[in-house]
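Just so you know, these numbers use all the heavy atoms, side chains as well, and skip hydrogens, waters and symmetry mates. Each chain gets a letter, A, B and so on, in the order the sequences are listed, and its residues count up from 1.
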There are 2 protein chains.
Amino acid sequence: MATETVENYIKALYALCRESPSGEAGVARLAQELSVTKGTATSMIKRLSLARLVKAEPYSGIALTAKGNKIALDVMRRHRVIETFLVRILKLDWADVHEEAERLEHALSPRILDRLDHFLGRPSTDPHGDPIPDAAGNVSEARSKPLAKCRARERVCIVRIKDQNRAFLKFVADSGFMPGVNLVVQSVSPQSASLVVRAARGEPVTLSQIAAAKILVKVI
Amino acid sequence: MATETVENYIKALYALCRESPSGEAGVARLAQELSVTKGTATSMIKRLSLARLVKAEPYSGIALTAKGNKIALDVMRRHRVIETFLVRILKLDWADVHEEAERLEHALSPRILDRLDHFLGRPSTDPHGDPIPDAAGNVSEARSKPLAKCRARERVCIVRIKDQNRAFLKFVADSGFMPGVNLVVQSVSPQSASLVVRAARGEPVTLSQIAAAKILVKVI
DNA sequence: CAAAAAAGTTTGACTACTCAAACTTTAATG
DNA sequence: CATTAAAGTTTGAGTAGTCAAACTTTTTTG
Ligand SMILES: [Mn+2]
Ligand SMILES: [Mn+2]
Ligand SMILES: [Mn+2]
Ligand SMILES: [Mn+2]
């Protein structure tokens, strides 16, 4: 079994590879993500490479192998099932569960994970709208686009918040926004790089492009 | 925060001190309990001593300090709340939950522990009848005696099974015995070091003194 | 009580993980 | 394209935890 540290590196690598156009991660970002020095990250990459969890050439990009990818998906599955449990059953705050799941994700056995998943009714997404991979590692991401790309008068439904930052999640929730909530885009102002949206029975809220880029929606 | 390893040592020390007449633990038993060598245990004791979690003189007994005691009770609280959750909510087998809780007990934050405890209705004992310390570290052990000490025709109620061994728990459960179950002692045979007991609507079961010593009961 | 057994300690070595700091390679930019 | 800046690597050192094996102290027991 991969150690907690290895699982954290693999999960970070997965995310970095996703968001990089080349599909490869770099040591500097990885180190930053995990709050370790570049040297530490380099030596871990060497170990992961030896264990065939990543493919990496010196001074070049890092990519997960199939084995590494499966571990990343397993950890994400545990993380998201736990978040769902914490919010739905234990009524923890939406904004707090990420940190909690960050530790618990390493302590769940396959048996407990499955029971928990079953108890929750096999949820397909977590409280933030992040898709939950199934036990085999299949992820089905719902089609969506950033709210920032929407036009005035569009009617959309929030499907996902792509930021685990507590303050941001707090702000989003306080504005009445959550996956499943319907919005109307009232106006778009490219000059001020912001847009005004309104939930079903809520006040109009102004969002910067940056904030709106982290809210994924589908047209209804 | 104490590491997972330290928590396991402290918890083992707590149990060993309980069951020793002198109230002190020894390195050999500790090492055996944790499946490490005596040398490893010795060096850990030195570290725990430096951290003021135990009091220990070379070649003499080991005792927990107040600080160490509180950690032991915290870990036991987490362990038992988790076991209760696993059995009551996730429907895991009585005999399996100990191993699972052994890992999870190190990953629960105070916040999650409290929510879980609240969700379960602040249980006072775990599925094996072990008392759950409260958040302040108070334990209230129900008055009880070993089934092995009972006389023929006594009517008793099982309050606790003092053995986490899977095979033993399996046997006990298969015999229909659990905390809360009422028993009648049908006969006691000192010669064969065994006794025959019967649950309300169950077959008579023969138990060795050794097995009966691990089943705590109260007279009804 | 002397010899053997058990309990406890020390030493040297190893893995996993980490940092600081010096160093090398690659990328960016005037 | 020469010079910085950024990215990546190496080295030396340190902590946490572990083992094997030699050693010392205490306890048992014939
Ligand atoms: Mn984590
Ligand atoms: Mn999430
Ligand atoms: Mn444990
Ligand atoms: Mn128990």
Stepwise side chain to side chain donor-acceptor pair (under 3.5 Å) check, A:H79 with A:D126: CA-CA 9 Å; A:H79 185 104; A:D126 81 1; 5.8 Å; no
Pairing of B:E7 and B:R78 as salt bridge, 4.0 angstrom limit: yes
Spacing of B:E4 atom CD relative to C:dA16 atom P, expressed in whole Å: 17 Å
Residues A:E19 and A:R29 bridged, charged N to O under 4.0 Å: yes
Nucleic acid footprint by protein, nucleotides 4-10 of chain D - heavy-atom cut-off 4.0 Å, B for base, S for sugar-phosphate alone: ---BBBB
Separation of C:dT18 C1' from A:N8 CG (nearest whole Å): 14 Å
Verdict with reasoning, A:V6 to A:M44, per side-chain contact (heavy atoms from CB on, under 4.5 Å): CA-CA 8 Å; A:V6 165; A:M44 177 57 91; 4.3 Å; yes
A:F85-B:F119 aromatic ring centre distance below 6.0 Å: no
Presence of B:Y9 side-chain N/O under 4.0 Å of D:dT18 phosphate oxygens OP1/OP2: yes
Nucleotide D:dT26, atom P - distance to CD1 of B:I62 in whole Å: 15 Å
With A:H128, the ring pair (Phe, Tyr, Trp, His ring centres under 6.0 Å) member among A:F168, A:F177, A:W94: A:W94
Nearest-angstrom distance from the residue atom CG of B:L48 to P of D:dT15: 17 Å
